Visitor: 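Dropping a structure here in structure tokens format, bear with me for questions.
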Amino acid sequence: KKSFISEVDLKKEEGWFSRLQPETQKPLAIEMLSKYVVRRNEVGLGERNDCIKVLCGLLNFFGEEEAKEILIKSDWSSPNWNPIKEMKSIYPPYRNTIGSLIREAKSESGERWIYENSAVIKQSKSAITIEDVFPTELASNLRILNKYLKYEDHLVITSFCCAVAASLKLQTKLELNAATDYEVVTNLFTATVGLSGSMKTALTTTFVKKPLALVEQQIKNQYIKNLKQYIKDLKNNKDDEEIEEPNQTQIIISDATEESLQRLLESCDKEKQSVLVLKDELSGLFVFDRYHKGTERQFYLLLWDGEGFDVARLHKGKNVFRAAKETQVSVCGNIQNDLLAKLMKDSSGDPDGLFARFLFLPNPPKVIKLPKPTEQEKKENRQARNYVQNFLLNINQLMPFTYQLSENGLALFNKYHEEQQVKAIGCKRAAAQAIYRKSPAKVAKLSGIINIVRSLDNLEEFVPADVIEAAIKLVDFSDKFTINFENQISQSSEEILMRKLLRVSGKAQSHMAWRDIQQRLSQEDRARWDKETCTKALEKLAHMGMGEIKMSDKGAIYFKKLKDWN
């Protein structure tokens, strides 16, 4: 039927499925079961072992009630197979994952499920289109550049918005509320999340690097002009006056270190130029060092808000103090699913909110068939590239300005801001709270950029409500993905927690009080899992028959281990 499936392959399948939006996962499971997974029968297909693996995968991922709903809707039964009745003979812990379902659907036993042909996947595309955000002519040219690459619209939109942010002059801002001095700088932190080989680098090359070529060239020409003047001034300097050497500002720096970025920002403060940091791998940025201050991670927290910084340099044997009064730095990067999951786990709930500041966007796997382009297609691509390059060059000519919200825009933003704060207060997970609290600022930054793009020919000082609405759709799409991503991580860490609780409580002959269990957990474990999370894990262990819970008269919880983890 098929060759042995490795654990690595199954985890890859589970990984991309778990990153989908919750409203997509159930319909997709139904599609696979109803059309692509063989049913148990008498002629050798649908071996019982394989069917049980699929059932366990459904129970493990969705839980009993949702798994039952999926089985009913998919009608995955036969004269010799009733999966709902079969579920009663299966008990946790379930050894199989949702990867078992996907592998069965992709197997060669009958019709194969193919990602690109899935009706469910096609319906779960970007929440917003390029045409919803950008003017018609710009959208048309971006479509030409994306014709064969087939990136999702949300990836094209946010990548190009990063290029726009990098083209705007320092001190370009959006005032959100004059009564509270609430304003944001027009910069973005974005990250594409995808498996290795999903052409993440090509995305930034096509919609960021190449479009910014003319802007970079202009900055370089200005530097050469300043350098010639500097050399001329040195020759004419007969009084030994100190003449400051010009700095070469750059629009893009790749994989910048904290030191190199500081040096660049000092010079950019004079040139009124914002900066874009491109990172092919964002992992270094997200490393959380709880024992040291002044790390690169904390530096980017400062840059997100457009704050300045002071730095001491050694110049001609003397300490010289220099300052970047304001900053306008955008980050556009890529990261693999598994690595992001590990970093989120290691940071114990995003304590400083750096993850929450990013627009994380999924880059689902796809098959790209490279064309043999016609001469007409080559011409169209060159014209499209030229159009977006000149579009950004025109943006780069704009003077710094503080934009404001229109009356309707203010009403919409205030409503959204309040709703997100309510969600944050009602949410128990710290990482999700941080995401909801940062959502309004991300909407504001996007709104400021999109408004400039839309009204470039006749700049609109007051951002209208429809621009804010478009930004909200993008941010909500990103936030749902990120929260779902974090939830899946937390679910996978639940098993780790339950194993630790069994090991700790197993040292006692009788019921162990919660305070004693807590004291035997490491300091790192106590920071990662609070009492409520641990209590739920103990209750689940009791439900699985591995332990027993007793409550004291005062409501204190006591737990006794009954079985080892299988």
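This structure is a prediction, so every number in the text was calculated from the model and none was measured.
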Visitor: Rounded to the nearest 0.5 Å, what's the gap from CG on N187 to CG on L168? Could you check?
Guide: 10.0 Å
Visitor: Quick one: does any side-chain atom of T172 pair with a main-chain N or O of P400 as donor and acceptor, under 3.5 Å?
Guide: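 No; zero donor-acceptor contacts below 3.5 Å.
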Visitor: Run the salt-bridge test on K442 and D476 with the 4.0 Å N-O cut-off and return the result as yes or no.
Guide: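 D476 and K442: not salt-bridged.
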Visitor: More than 12 non-hydrogen atoms from neighbouring residues, nucleotides or ligands closer than 6.0 Å to CD on Q397, yes or no?
Guide: yes
Visitor: What's the verdict on side-chain contact (heavy atoms from CB on, under 4.5 Å) for C161 and I450, showing C-alpha distance, side-chain angles and the deciding distance?
Guide: CA-CA 7 Å; C161 279; I450 294 171; 4.3 Å; yes
Visitor: Would you check if the side chain of S140 reaches a backbone N or O of E137 as a donor-acceptor pair within less than 3.5 Å?
Guide: no
Visitor: A quick test of your reading: do over 12 heavy atoms of other residues, nucleotides or ligands sit less than 6.0 Å from NZ of K279?
Guide: yes
Visitor: State the SG-CG distance between C332 and L203, to the nearest 0.5 angstrom.
Guide: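 Rounded to the nearest 0.5 Å, the SG-CG separation comes to 7.0 Å.
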Visitor: If we only count heavy atoms from C-beta on, is the L138 to F160 side-chain gap below 4.5 Å?
Guide: yes
Visitor: When you compare the side chains of N390 and N386, does any donor N or O come within less than 3.5 Å of an acceptor on the partner?
Guide: yes
Visitor: Consider ring-ring contact (aromatic ring centres under 6.0 Å, His included). Of W304, F481, F189, which one does F358 pass it with?
Guide: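 The ring-ring contact (aromatic ring centres under 6.0 Å, His included) with F358 is passed solely by F189 among W304, F481, F189.
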Visitor: Evaluate the side-chain contact (heavy atoms from CB on, under 4.5 Å) criterion for residues T327 and F309: first the C-alpha distance (whole Å), next the side-chain angles of each, then the deciding distance (0.1 Å), finally the verdict.
Guide: CA-CA 9 Å; T327 58; F309 61 90; 4.0 Å; yes
Visitor: Strictly by modelled atom types, are E183 and T402 linked by a side-chain donor-acceptor pair under 3.5 Å?
Guide: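 The criterion, which ignores hydrogens and geometry beyond distance, is not satisfied for T402 and E183.
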Visitor: Measuring from atom OG1 of T206 to atom CG of N381, what distance do you get when rounded to the nearest 0.5 angstrom?
Guide: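 The CG atom of N381 is 9.0 Å from OG1 of T206, to the nearest 0.5 Å.
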Visitor: On a heavy-atom basis, which atom in S34 and which in S74 lie closest, and how many Å separate them?
Guide: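 Nearest pair, atom of S34 first, then S74: CB-O, 3.5 Å.
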Visitor: Between S100 (side chain) and V54 (backbone), is there a donor-acceptor pair under 3.5 Å?
Guide: no
Visitor: Do Q298 and E258 get their side chains close enough for a donor-acceptor pair, meaning under 3.5 Å?
Guide: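 E258 and Q298 do not have a side-chain donor-acceptor pair below 3.5 Å.
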Visitor: How are the rings of F61 and F17 set relative to one another: parallel (under 30°), tilted (30 to 60°) or perpendicular (over 60°)?
Guide: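 F61 and F17: perpendicular rings.
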Visitor: Show your reasoning for whether side-chain contact (heavy atoms from CB on, under 4.5 Å) applies to R385 and K210.
Guide: CA-CA 8 Å; R385 179 77 60 214; K210 288 186 177 180; 3.9 Å; yes
Visitor: Do any N or O atoms from the side chain of S274 and from the backbone of S330 form a donor-acceptor pair under 3.5 angstrom?
Guide: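 It does not hold such a pair.
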Visitor: Tell me whether the guanidinium CZ or amine NZ of R357 lies under 6.0 angstrom from the six-membered ring centre of F286 and within 45° of its axis.
Guide: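 The answer is no, since R357 fails at least one limit relative to F286.
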Visitor: Distance check, rounded to the nearest 0.5 Å: F462 atom CZ versus E175 atom CD?
Guide: 9.5 Å
Visitor: Give me the ring orientation class for F355 and F360: parallel if the planes are under 30° apart, tilted from 30 to 60°, perpendicular past 60°.
Guide: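 Rings of F355 and F360: tilted, as their planes differ by 30° to 60°.
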Visitor: N451 and side-chain contact (heavy atoms from CB on, under 4.5 Å): which partner among L456, T186, L446, V467?
Guide: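 In the set L456, T186, L446, V467, the residue that makes a side-chain contact (heavy atoms from CB on, under 4.5 Å) with N451 is V467.
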Visitor: Charged N to carboxylate O below 4.0 Å: is that the case for E69 and K73?
Guide: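 Looking at E69 and K73, the cut-off is met.
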Visitor: Closer than 4.0 angstrom, basic N to acidic O: yes or no for K147 and E380?
Guide: no
Visitor: For side-chain contact (heavy atoms from CB on, under 4.5 Å), just list the numbers for Q421 and R437, CA-CA rounded to whole Å, side-chain angles, deciding distance to a tenth of an Å, and then say yes or no.
Guide: CA-CA 6 Å; Q421 300 306 305; R437 290 196 176 102; 4.2 Å; yes
Visitor: Any salt bridge between K415 and E419, counting N to O under 4.0 Å?
Guide: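 Salt bridge flag = yes for E419 with K415.
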Visitor: Taking atom types as modelled, find out whether T129 and D132 have a side-chain donor-acceptor pair closer than 3.5 angstrom.
Guide: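 Present: a donor and an acceptor within the cut-off.
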Visitor: Would you give the length of the straight line joining atom CG of L359 to atom CG of L474, rounded to the nearest 0.5 angstrom?
Guide: 7.5 Å
Visitor: Regarding D479 and K423, does a basic nitrogen lie under 4.0 Å from an acidic carboxylate oxygen?
Guide: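 No, D479 and K423 are not salt-bridged.
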Visitor: Kindly assign one of parallel, tilted or perpendicular to the pair H417 and Y182, based on the angle between their ring planes and the thresholds 30° and 60°.
Guide: perpendicular
